[in-house]
Amino acid sequence: MKKLIAIAGFLILALGVLAAGCGGQKDDTKAAYKAVLKDEVIVGTEAAFAPFEYYDEKDRSLTGFDVDLIRAVAKEIGYKNCTIKHMDFDALIPAVNSDKADMVISAMTITENRKRVVLFSQPYYKSGLAFIVRKEVNDVKKFEDLQGKTIAVQEETTGAVYAEKLKDKGAVIKAYDNNDRALVELKNGKADAVVCDLPVLQYFLKNGGSAYAKLVGEPLTAEEYGIAVAKKKPEMEKAVNQALDTLKKNGTYDKIYEKWFGKGGTK
């Protein structure tokens, strides 16, 4: 009997410790949210990068995977309003560092150079660079075959940096302020290829681009996207990470992912 009482007492104590631990986790999350909470959060993005962020052709509303995700993050933290502002890509990091935006989500690859000037959330999407060429370009089977060709890229992106590898081998690099313009140059025959993120190129080909362009070779890199915040705001980084953890645990992230990319794939 004494043994049973002792065991029962131990179980009650263990459950109490477990409950306290769970409560502690919830309290930590609430504290992280409370530290950054206000009525409105301002988010910067460059809305010319379908399917991540772009304007719908029918009603010109801002839409995309990143748009849905950041709205879910904002809701989880508790912001009453989530205002997403379109900016040029090269203006996004200066915007968070000058308090013109609280955070940035724009299919932004986490790189060592960028980590020197901003804080990144945990990765929320795994991607990689690839390239497409015009359909009539038949002498390109791999990236190195683009030497001597004209390559269109978006400036200040990892695609632009990667394309520069072929500059000393005769490639002409044309950089534009957004990815849509680079793709238009390809369509108009003023570029032979476009180097960009693989999911963006796949979406482009699926939505009409395959009429005049094709994907060639294997993915060039493996990259991860993160949400950027100012270095002076580590509490914002913590809150965003807590929100992403919650969205992944409760299934919200999966629903958003499957809406834009279907089941499977690398998240």
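Worth saying up front: this structure is predicted, and the values here are computed from it rather than measured.
- Closest heavy-atom contact between Glu40 and Ile42: CD-CD1, 3.6 Å.
- To the nearest 0.5 angstrom, Phe204 atom CZ is 4.5 Å from Leu183 atom CG.
- Minimum interatomic distance between Val133 and Val140 (heavy atoms only, all atoms of both residues): CG1-CG1, 4.3 Å.
- Asn113 and Arg116 share a side-chain donor-acceptor pair at under 3.5 Å.
- Checked against a 6.0 Å centroid threshold, the rings of Phe261 and Tyr125 count as neighbours.
- In Lys231, the NZ atom is crowded: over 12 heavy atoms of neighbouring residues, nucleotides or ligands sit closer than 6.0 Å.
- Scanning both residues, Phe89 and Arg114, for their nearest heavy atoms gives CE2-NH2, 3.5 Å.
- For Tyr203 and Tyr54, the side-chain atoms include at least one donor-acceptor pair closer than 3.5 Å.
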One pair to check against side-chain hydrogen bond (donor to acceptor under 3.5 Å, both in side chains): Lys233 and Asn97. What are the steps and the verdict? CA-CA 10 Å; Lys233 295 182 178 178; Asn97 284 333; over 6 Å; no

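- In summary, the side chains of Gln154 and Glu46 do present a donor paired with an acceptor at a separation below 3.5 Å, with no hydrogens or angles considered.
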Between Val153 and Ile173, does a side-chain contact (heavy atoms from CB on, under 4.5 Å) hold up when you go through it step by step? CA-CA 7 Å; Val153 296; Ile173 313 300; 3.9 Å; yes

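- Looking only at distances, no side-chain donor or acceptor of Asn188 sits under 3.5 Å from a matching main-chain atom of Lys190.
- More than 12 heavy atoms of other residues, nucleotides or ligands lie within 6.0 Å of NZ in Lys232, so this atom counts as buried by the packing criterion.
- Here the side chain of Asn241 pairs a donor or acceptor atom with the backbone of Gln122 at under 3.5 angstrom.
- Of the possible polar contacts, none joining the Glu185 side chain to the Ala182 backbone as a donor-acceptor pair under 3.5 Å is found.
- Under the 4.5 Å side-chain heavy-atom criterion for Ile, Leu, Val, Met, Phe, Trp and Tyr, Tyr225 and Leu247 are members of the same hydrophobic cluster.
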Under the criterion side-chain contact (heavy atoms from CB on, under 4.5 Å), I'd like the reasoning laid out for Met87 against Thr45: C-alpha separation, chi angles, the key distance, then a yes or no. CA-CA 6 Å; Met87 306 175 185; Thr45 194; over 6 Å; no

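- Separation of atoms CD (Gln147) and NZ (Lys165) is listed at 14.0 Å; rounding is to 0.5 Å.
- Of the options Leu166, Asp192, Val172, a side-chain contact (heavy atoms from CB on, under 4.5 Å) to Ile151 is made by Leu166 and by none of the others.
- Side-chain polar atoms of Asn250 and Thr252 form a donor-acceptor pair below 3.5 angstrom.
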Could you check Phe52 against Ser106 for side-chain contact (heavy atoms from CB on, under 4.5 Å), going step by step and ending with a plain yes or no? CA-CA 7 Å; Phe52 291 94; Ser106 197; over 6 Å; no

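- Hydrophobic clustering, with ILVMFWY side chains joined whenever heavy atoms are under 4.5 angstrom apart, groups Tyr79 together with Val67.
- A salt bridge between Lys238 and Glu235 is absent, with no side-chain N of the basic residue lying under 4.0 Å from a carboxylate O of the acidic one.
- Taking a cutoff of 4.0 Å between a charged side-chain nitrogen and a carboxylate oxygen, Lys249 and Asp245 do not qualify as a salt bridge.
- Expressed to the nearest 0.5 Å, how far CE of Met108 lies from OG1 of Thr157 amounts to 10.5 Å.
- Grouping the Ile, Leu, Val, Met, Phe, Trp and Tyr side chains by contacts below 4.5 angstrom, directly or via other members, places Leu201 with Leu186.
- Tested against Asp102, the residues Val36, Val41, Val240, Thr83 include a single side-chain contact (heavy atoms from CB on, under 4.5 Å) partner, Val41.
- No more than 12 heavy atoms of other residues, nucleotides or ligands shown are found within 6.0 angstrom of CD on Glu218.
- Side chain of Asp254 to main chain of Gly251: no donor-acceptor pair is present (N/O by atom type, distance under 3.5 Å, no hydrogens or angles).
- Summarising the geometry of Cys82 relative to Val43, their closest heavy-atom pair is SG-CG2, 4.0 Å, with the distance given to 0.1 Å.
- By the criterion of side-chain heavy atoms lying less than 4.5 angstrom apart, applied directly or through intervening Ile, Leu, Val, Met, Phe, Trp or Tyr residues, Leu205 is not grouped with Leu220; the two fall into different hydrophobic clusters.
- Within the model, atoms CD of Glu136 and NZ of Lys214 stand 8.5 Å from one another, a figure rounded to the nearest 0.5 Å.
- Judged purely by atom type and a 3.5 angstrom limit, Arg134 uses its side chain to pair as donor or acceptor with the backbone of Ala191.
- A donor-acceptor pair under 3.5 Å is absent between the side-chain atoms of Ser121 and the main chain of Gly226, judged by distance alone.
- Applying the ring-ring contact (aromatic ring centres under 6.0 Å, His included) rule to pairs touching residues 143-191 yields Phe143-Tyr162, sequence neighbours excluded.
- Heavy atoms only, all atoms of each residue included: Ile77 and Ala243 are closest at CG1-CB, 3.9 Å.
- Looking at Ser98, its side chain does come within 3.5 Å of a backbone N or O of Pro94 through a donor-acceptor pair.
- No side-chain donor from either of Asn81 and Lys38 sits under 3.5 Å from a side-chain acceptor of the other.
- A cation-pi contact links Lys248 to Tyr253, judged by a cut-off of 6.0 Å to the six-membered ring centre and 45° from its axis.
- Salt bridge status for Lys149 with Asp139: present, with a side-chain N to carboxylate O gap under 4.0 Å.
- Of the possible polar contacts, none joining the Asp197 side chain to the Pro199 backbone as a donor-acceptor pair under 3.5 Å is found.
- Remark: Tyr124 OH to Ile110 CD1 distance equals 9.0 Å, nearest 0.5 Å.
- When atom types are taken as modelled, the side chain of Glu224 and the backbone of Lys126 share no donor-acceptor pair closer than 3.5 angstrom.
- Counting only distance, with no hydrogens or angles, the side chain of Asp66 and the backbone of Ala107 share a donor-acceptor pair below 3.5 Å.
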From CA spacing to verdict: side-chain contact (heavy atoms from CB on, under 4.5 Å), Ile227, Leu244: CA-CA 10 Å; Ile227 298 167; Leu244 286 171; 4.3 Å; yes

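- The same ILVMFWY cluster, assembled from side-chain heavy atoms under 4.5 Å apart, contains both Tyr55 and Ile105.
- The minimum heavy-atom distance between Ala228 and Val118, with the atom names listed, is CB-CG2, 4.1 Å.
- When the shell of 6.0 Å around NZ of Lys85 is examined, it contains 12 or fewer heavy atoms from other residues, nucleotides or ligands.
- Put simply, CD on Glu156 and CG on Asp90 are 5.5 Å apart, with the number rounded to the nearest 0.5 Å.
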